[in-house]
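I have placed the structure first, in the form of structure tokens, so that the comments after it can refer back to it.
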Number of protein chains: 2
Amino acid sequence: MADVITPSRERIAPIFPKERYDDLMSLLFFAYRDFISDPDAILARYEFGRAHHRVLHFVTCHPGMRVADLLDMLKITKQSLGRVLKQLITGGYIEQQPGETDRRERLLFATSEGEALAARLREPQSRRIERALARLEPDARDTIADFLLNMVNEAEQGDVARRVFEERTSA
Amino acid sequence: MADVITPSRERIAPIFPKERYDDLMSLLFFAYRDFISDPDAILARYEFGRAHHRVLHFVTCHPGMRVADLLDMLKITKQSLGRVLKQLITGGYIEQQPGETDRRERLLFATSEGEALAARLREPQSRRIERALARLEPDARDTIADFLLNMVNEAEQGDVARRVFEERTSA
DNA sequence: AAAATATGTCAACATGGCTGACGTAATTAC
DNA sequence: GTAATTACGTCAGCCATGTTGACATATTTT
């Protein structure tokens, strides 16, 4: 089998995109830009930033989650997380409990203040999503969820799906 | 921690979302997280970051655009833009030309190197979008574009639509 | 001529990433 | 039962990229 010119699936960039997606790229930027800035005004009153919001969001969605899982979702280092987590804990928005089976774990829970703040932060973002969906067909929501899940790194789509669609679980 | 106990009376937008959108919020985070990190490895070889990428993206999409329009799209200060723009110009990826009618303007153009780099940066992101759309109905693309546009601040949806759908124009 | 506009720049600071090194408690492996 | 591994935390410093405020220059508009 020497000298056969295999249609070598290139190593670096196997599949070239046929189409241009500049529109979707730009729209994703604009949509995310505005969506993510919604809670800024509320956060500022607590002297928190977007990093605090992300932590609060995931901890309230997954009460009792492990620190390692949070790190895996946020894809940041434990040092970066530690900084904001410490502020959320000393501020009384998040608590830690040792794991029952493995007491090395320090499972994360939002306090009632944490839940309340998270709810307030979700409000403007929920309204934005609701408004965006309102003008679309009723099945648009599923289409968009599918699209966003497909946009995640393939190796992690399983984890993400499990975490997102079994929201409010510790995994 | 200033002002922790804020009476929830100061409600600016009085419409409460009926549903929970935690799934879409999380998915948008995960999707954007992975989408935006695609070009990091390429950027690093040029000692550029994501801010450079954003500038290059919009300048290649809108050749001859004004600095003020770029600032309006990115929603950052001219000082922040100035830093990365200077590096892109001294690196030979972007050029400026005085405007014909208004010579105060310094219109932005990508050089051929800039176009080439922008194309390389688009590659992994285009592949990701193509893969994400591949498993959806053919009309999903329009649904997603509509959704993302609707997610933009209402006051700017017109500008964004004009800019995105008349891609490759200086406005 | 004066005011407004488009752009650039300096300096200082904030947020939130990063790496590297090190420490402690609890669990697992040999 | 000791050793290795794991889960988590922390100190210190650096980097990318956002911010404000003040000021400069050229050009256009009034």
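Each chain gets a letter, A, B and so on, in the order its sequence line appears, and its residues count up from 1.
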Identify every side-chain donor-acceptor pair in residues 104-112 of chain A under 3.5 Å, counting partners at least two apart or on other chains, and give the distances.
residue, atom, partner, partner atom, Å
A:R104, NE, A:D102, OD1, 3.1
A:R104, NE, A:D102, OD2, 3.4
A:R104, NH2, A:D102, OD2, 2.8
A:T111, OG1, A:G92, O, 2.6
A:T111, OG1, A:Y93, O, 3.4
A:T111, OG1, A:E113, N, 3.3
A:T111, OG1, A:E113, OE1, 3.4
A:T111, OG1, A:G114, N, 3.0

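Remark: A:R50 engages A:D40 in a side-chain hydrogen bond (donor to acceptor under 3.5 Å, both in side chains) (not counting sequence neighbours). Considering only residues two or more places apart in sequence or on other chains, B:K75 meets the side-chain hydrogen bond (donor to acceptor under 3.5 Å, both in side chains) condition with B:E156. Residues satisfying the ring-ring contact (aromatic ring centres under 6.0 Å, His included) test with B:F30, not counting sequence neighbours, are A:F58. Applying the side-chain hydrogen bond (donor to acceptor under 3.5 Å, both in side chains) rule to B:Y32 yields no partners; only residues at least two apart in sequence or on another chain are considered. With sequence neighbours excluded, no residue forms a salt bridge (charged side-chain N to carboxylate O under 4.0 Å, His left out) with B:D34. By the salt bridge (charged side-chain N to carboxylate O under 4.0 Å, His left out) test, A:D38 pairs with A:R128, sequence neighbours left out. Not counting sequence neighbours, B:H53 has no partner by the ring-ring contact (aromatic ring centres under 6.0 Å, His included) test.
For the segment residues 30-45 of chain B, the set of residues with a heavy atom within less than 4.0 Å of an atom of DNA chain C is empty.
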Task: Nucleic acid footprint by protein, nucleotides 6-13 of chain C - heavy-atom cut-off 4.0 Å, B for base, S for sugar-phosphate alone - done: SBBBB---
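At most 12 non-hydrogen atoms from other residues, nucleotides or ligands lie less than 6.0 angstrom from CD of B:E95.
B:Q125 and A:Y21 form no side-chain donor-acceptor contact under 3.5 Å, judged by distance and modelled atom types alone.
For the pair B:R122 and B:T60, the tightest heavy-atom approach, listed with the atom from each and the gap, is NH2-OG1, 2.8 Å.
Atom CG in A:L88 sits about 14 Å away from atom C1' in C:dT15, given to the nearest Å. What separates CG of A:L71 from P of C:dG17 is a distance of 11 Å, to the nearest Å. Atom CG in A:L56 sits roughly 13 Å away from atom P in C:dG16 (whole-Å rounding). Atom CD1 of A:I76 is separated from atom P of C:dC18 by 7 Å (rounded to the nearest Å).
Heavy-atom contacts of chain B under 4.0 Å fall on DNA chain D between two terminal nucleotides, which in 5' to 3' order are D:dT17 to D:dT28.
Salt bridge B:R141/A:D23: present, at least one basic N to carboxylate O contact under 4.0 Å. A salt bridge links B:R135 and A:E154; the closest N-O separation between the charged side-chain nitrogens and carboxylate oxygens is under 4.0 Å.
Where pairing requires Watson-Crick or G-U contacts shorter than 3.5 Å, the helical stems of DNA chain C with at least three consecutive pairs are C:1-30 with D:1-30.
If A:R54 and A:E100 are placed on DNA chain C by their nearest nucleotide, the residue sitting closer to the 5' end is A:R54.
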